[in-house]
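Beneath this line is the structure, given in structure tokens, with notes to follow.
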Amino acid sequence: MKMIIAVVQDKDAAKLMERLVASGQRATKLASTGGFLREGNTTFLIGSADEEVETVLRTIREVCHAREQLVTPLSPVGGPSDAYVPYPVEVTVGGATVFVLNIERFEKV
Ligand code: 2BA
């Protein structure tokens, strides 16, 4: 069994959950915040059988789109604010940041 942790944009979250549930996957959706943009995003926890991991990854690729975003980064917390010039920068966010972890033990009690 694997745990797939996927950080996706909020705009893609509802559709991704719909597709996962429709394909028989179990998933938990958590509200999260990106460290760079400091904006909301959504983190999925998806416990999957080994042989279903590629199907889940394909679904994530189909649903989650990369988007350009113009941002003015905040100064680093605790950093020297006088040396920080907040020029807007364009970043490509997504489609999704995905981690696949081995599960040592799974139980439902
Ligand atoms: P954020 O940290 O808010 O990052 C949003 C986007 O900003 C990133 O998109 C990337 O394009 C850019 N970015 C992040 N850090 C940067 C930096 N130091 N310099 C320049 N640009 C930077 P994604 O890479 O698609 O990441 C989307 C979200 O996925 C991230 O939101 C974060 O919540 C999560 N994430 C990405 N990589 C991660 C990692 N290694 N561990 C944990 N979470 C991660």
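Every number for a ligand or one of its atoms is a count from 1 in the order of the listing.
Contact annotation: the side chain of T42 never approaches that of Q9 to less than 4.5 Å [non-hydrogen atoms, C-beta and beyond].
Within the set N41, V8, T42, the minimum heavy-atom distance to atom 33 (O) of ligand 1 is found for N41. If you check each of G34, S32, A96, A6 against atom 31 (O) of ligand 1, the one with the closest non-hydrogen atom is G34.
When only modelled atom types and interatomic distance are considered, E90 and Q69 share no side-chain donor-acceptor pair under 3.5 Å.
At a heavy-atom cutoff of 4.0 Å, ligand 1 is contacted by no atom of V71, backbone or side chain.
At least one N/O-N/O distance between F36 and ligand 1 falls below 3.5 Å. Considering backbone and side-chain N/O atoms, L37 comes within less than 3.5 Å of an N/O atom of ligand 1. Between V93 and ligand 1, not a single N/O pair is under 3.5 Å apart. Ligand 1 has a nitrogen or oxygen under 3.5 angstrom from a nitrogen or oxygen of G35.
Clustering of Ile, Leu, Val, Met, Phe, Trp and Tyr side chains at separations under 4.5 Å leaves L70 isolated, with no partner residue. The hydrophobic cluster containing L101 also includes M1, M3, I5, L30, L45, F99, I103, F106, under a criterion of side-chain heavy atoms closer than 4.5 Å among ILVMFWY residues, counted directly or through chains of members.
Taking OG1 of T33 as the reference point, atom CD of E39 lies at 9.5 Å (rounded to 0.5 Å). T92 contributes atom OG1, which lies 3.5 Å from atom CD of E68 (distance to the nearest 0.5 angstrom).
G94 N, 2.7 Å is the protein heavy atom nearest to atom 25 (O) of ligand 1. Ranking protein heavy atoms by distance to atom 9 (O) of ligand 1, first place goes to T92 O, 3.5 Å. At the top of the distance list for atom 24 (O) of ligand 1, counting protein heavy atoms only, stands T97 OG1, 4.2 Å. Counting only heavy atoms of the protein, atom 34 (C) of ligand 1 lies nearest to V7 CG1, 3.7 Å. The closest protein non-hydrogen atom to atom 39 (C) of ligand 1 is F99 CZ, 3.6 Å.
Ion pairing between a basic and an acidic side chain is recognised when a charged N comes within 4.0 Å of a carboxylate O; E62 and R19 show such pairing.
When all heavy atoms of V100 and K2 are compared, the closest pair comes out as CG1-CD, 3.8 Å.
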